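Note that the structure is a prediction, hence the values are computed from the model and not measured.
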Amino acid sequence: MRIAVVHGFGAPGGEDEAVLDQVAALTRAGHEVRLVAANGRGRDPLATLRAFGPDVVHVHNLYPAFGRAWITEWTGPVVATLRHGPHRGSRFAALTFPWAARGGLRQDPLLRRADRLVVLSEASRDACARAGLPRERLDVVPDFVPTVAEPEVGAGGVDGGGGAGGAGDAWVCVGPLAPGRGVLELLRRWPAGERLDVVGAGPLEGRCRAAAPASVRMCGAVGRGELRRALPGYRGIVLPGRARGAVPLVYAEALAAGLPVLAFEGAGASAVPRAVRSEGTGTVTTPDAHLPGALDVAAKIFPTLREHCRAVYAKRYGEGAWTERTECLYASLVA
């Protein structure tokens, strides 16, 4: 199958990496794939698409690299992935999906034209359906992450400049140190006797360092490869953020490493606690719960969940599962 992937680089989160992973996976599966990409503002992709002649066009991020007017001139099957759907408080969502901010599906040529719309979670499908997108055009296909190699015997955590040592008795928290991510609030409540590595950077880094007890190691930003190699050596991953759309890629990275998840549930619906509960990949607590008690419960349960987490990864977030779902979706349109 000939597949054109349209994407503007510079998207938030791990979207750029996810798109590159997917292009590589489709190529490994034997398809002829053309990545039509731009950094910053690009050109109308129609000429490139017409020269390539794909069976299907898969659109990811268009803002700000590509406009939307060209999509009405393309006559072949179109799939669009919605990673930043109509969730309240998302500035990028308003920029990417004007219909979310301006009051109607008719405002967005891509959403009106696409034959199928890919969302990354059931929570995202529910939100998009409430916003007016036809549920029958919404397909849940979570992003995949590559397989994580088993760590070497005695391997420690990530190198955050805090010294060497095994990470088997330490927890890890991965995410931007930014408002709304929950890391600062977590550090203010973190028990002094529990080791924690915090991986990430952001505008709240100074306040996070000031709030962290001595048992917390601030590792800063870490490369994806180094993080993936280190994750299997931890006790568990703590995800304090309350994302309302898709689960973050680090959730799938953790499962690939056999690392169970401690998630936090707040006032509104959150994708991570919903996934942890439905997939049985860890435990869920609340921001006002007794954190030492929640960690004690997790420490007892998590060693029994490692193989299950790897199984959930293979079934739902592995490359093979993603490729099979995507090929079925494409084939239904081409047929």
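Ser278 has its side chain out of reach of Glu122: every pair of non-hydrogen atoms, C-beta onward, lies at least 4.5 Å apart. Side-chain contact between Leu82 and Leu111: present, with at least one pair of heavy atoms (C-beta onward) separated by less than 4.5 Å. You'll find the side chain of Ile3 stays beyond 4.5 Å of the side chain of Pro54, heavy atoms only. Using a 4.5 Å heavy-atom cutoff, the side chains of Leu186 and Phe264 are in contact. Val183 places none of its side-chain heavy atoms less than 4.5 Å from the side chain of Leu204. Looking at Tyr330 and Asp55, their side chains never come closer than 4.5 Å, going by heavy atoms from C-beta outward. Residues Met1 and Glu327 have side chains not in contact (no heavy-atom distance under 4.5 Å, counting atoms from C-beta outward). A 4.5 Å side-chain heavy-atom check between Pro260 and Ile301 finds every atom pair outside the cut-off.
Looking at Glu205 and Arg209, a side-chain N of the basic residue comes within less than 4.0 Å of a carboxylate O on the acidic one, giving a salt bridge. The pair Arg137-Asp139 fails the salt-bridge criterion, with no side-chain N (NZ, NE, NH1 or NH2) lying under 4.0 Å from an Asp/Glu carboxylate O. Ion pairing between a basic and an acidic side chain is recognised when a charged N comes within 4.0 Å of a carboxylate O; Arg229 and Glu226 show no such pairing. Between Glu279 and Lys315 there is no salt bridge, since no side-chain N of the basic residue sits under 4.0 Å from a carboxylate O of the acidic one.
Contact record, Arg306 with Ala257: NH1-O, 4.3 Å, taken as the closest heavy-atom pair. The two residues Gly193 and Ser215 have their closest heavy-atom pair at N-OG, 4.4 Å. In this structure, Met218 and Leu177 approach most closely via the heavy-atom pair CE-CD1, 3.9 Å. Between Pro77 and Asp115, the closest heavy-atom pair is CA-OD2, 3.2 Å. Leu62 approaches Gly67 most closely through the heavy-atom pair CD1-O, 3.9 Å. Minimum heavy-atom separation, Ala314 to Ala321: O-CB, 3.8 Å.
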| said: The test is side-chain contact (heavy atoms from CB on, under 4.5 Å); show your working for Cys173 and Leu196 and say whether it passes. | reply: CA-CA 7 Å; Cys173 174; Leu196 174 70; 4.1 Å; yes
| task | Give the intermediate values and the outcome of side-chain contact (heavy atoms from CB on, under 4.5 Å) for residues Tyr251 and Val145. | result | CA-CA 10 Å; Tyr251 173 78; Val145 296; over 6 Å; no
| task | Decide yes or no on salt bridge (charged side-chain N to carboxylate O under 4.0 Å, His left out) for Arg135 and Asp126, but give the supporting numbers first. | result | CA-CA 8 Å; Arg135 185 175 287 270; Asp126 291 345; 3.3 Å; yes
| Worked verdict on Phe66 versus Leu110 for side-chain contact (heavy atoms from CB on, under 4.5 Å) | CA-CA 11 Å; Phe66 302 106; Leu110 174 62; over 6 Å; no
| query | Would Val247 and Leu120 count as a side-chain contact (heavy atoms from CB on, under 4.5 Å) if you check the C-alpha gap in whole Å, the side-chain angles of each, and the deciding distance to 0.1 Å? | reply | CA-CA 8 Å; Val247 294; Leu120 307 187; over 6 Å; no
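Side-chain N or O atoms of Arg228 include one that pairs as donor or acceptor with a backbone N or O of Pro146 at under 3.5 Å. Under the 3.5 Å distance criterion, the side-chain polar atoms of Arg113 are left unmatched by any main-chain donor or acceptor of Thr72. The backbone N or O of Trp74 sits nowhere less than 3.5 Å from a side-chain atom of Trp70 that would complete a donor-acceptor pair. Judged by distance alone, with hydrogens and angles left aside, the side-chain atoms of Asn61 form a donor-acceptor pair with the main-chain N or O of Gly8 at under 3.5 Å. Between the side chain of Arg325 and the backbone N or O of Pro142, no donor-acceptor pair lies under 3.5 Å.
How far CG of Leu305 is from CG of Leu259: 10.5 Å, rounded to the nearest 0.5 Å. Note that the CG atom of Asp197 and the CD1 atom of Ile237 stand 11.0 Å from one another [nearest 0.5 Å]. Here Glu136 contributes atom CD and Leu117 contributes atom CG; the two are 10.5 Å apart, rounded to the nearest 0.5 Å. Atom CG of Leu184 sits about 4.5 Å away from atom SG of Cys208, to the nearest 0.5 Å. Atom-to-atom distance recorded for Leu262:CG and Leu291:CG is 7.0 Å, nearest 0.5 angstrom. How far CD of Glu15 is from CG of Leu20: 10.5 Å, rounded to the nearest 0.5 Å.
Under the 4.5 Å side-chain contact rule for hydrophobic residues, Leu26 and Val57 do not share a cluster. Placement of Val78 and Val334 in two distinct hydrophobic clusters is found when ILVMFWY residues are connected by side-chain heavy-atom separations under 4.5 Å, directly or transitively. Following chains of ILVMFWY side-chain contacts shorter than 4.5 Å, one cannot reach Leu333 starting from Val6, and the two form parts of different hydrophobic clusters. Hydrophobic clustering of Ile, Leu, Val, Met, Phe, Trp and Tyr side chains at less than 4.5 Å, counting indirect connections, unites Leu231 with Val222. Tyr317 and Val19 are assigned to two separate hydrophobic clusters, defined by single-linkage of ILVMFWY side chains at heavy-atom distances under 4.5 Å.
Stacking of Arg2 on the aromatic ring of Phe52 is recorded, both the 6.0 Å distance cut-off and the 45° axial limit being met.
A 6.0 Å sphere centred on CD of Glu73 holds more than 12 heavy atoms belonging to other residues, nucleotides or ligands.
Gln22 pairs in a side-chain hydrogen bond (donor to acceptor under 3.5 Å, both in side chains) with only one of the listed residues (Thr323, Thr326, Asp143), which is Asp143.
Between His60 and His58, the angle of the ring planes stays under 30°, which puts this pair in the parallel group of the 30/60° scheme.
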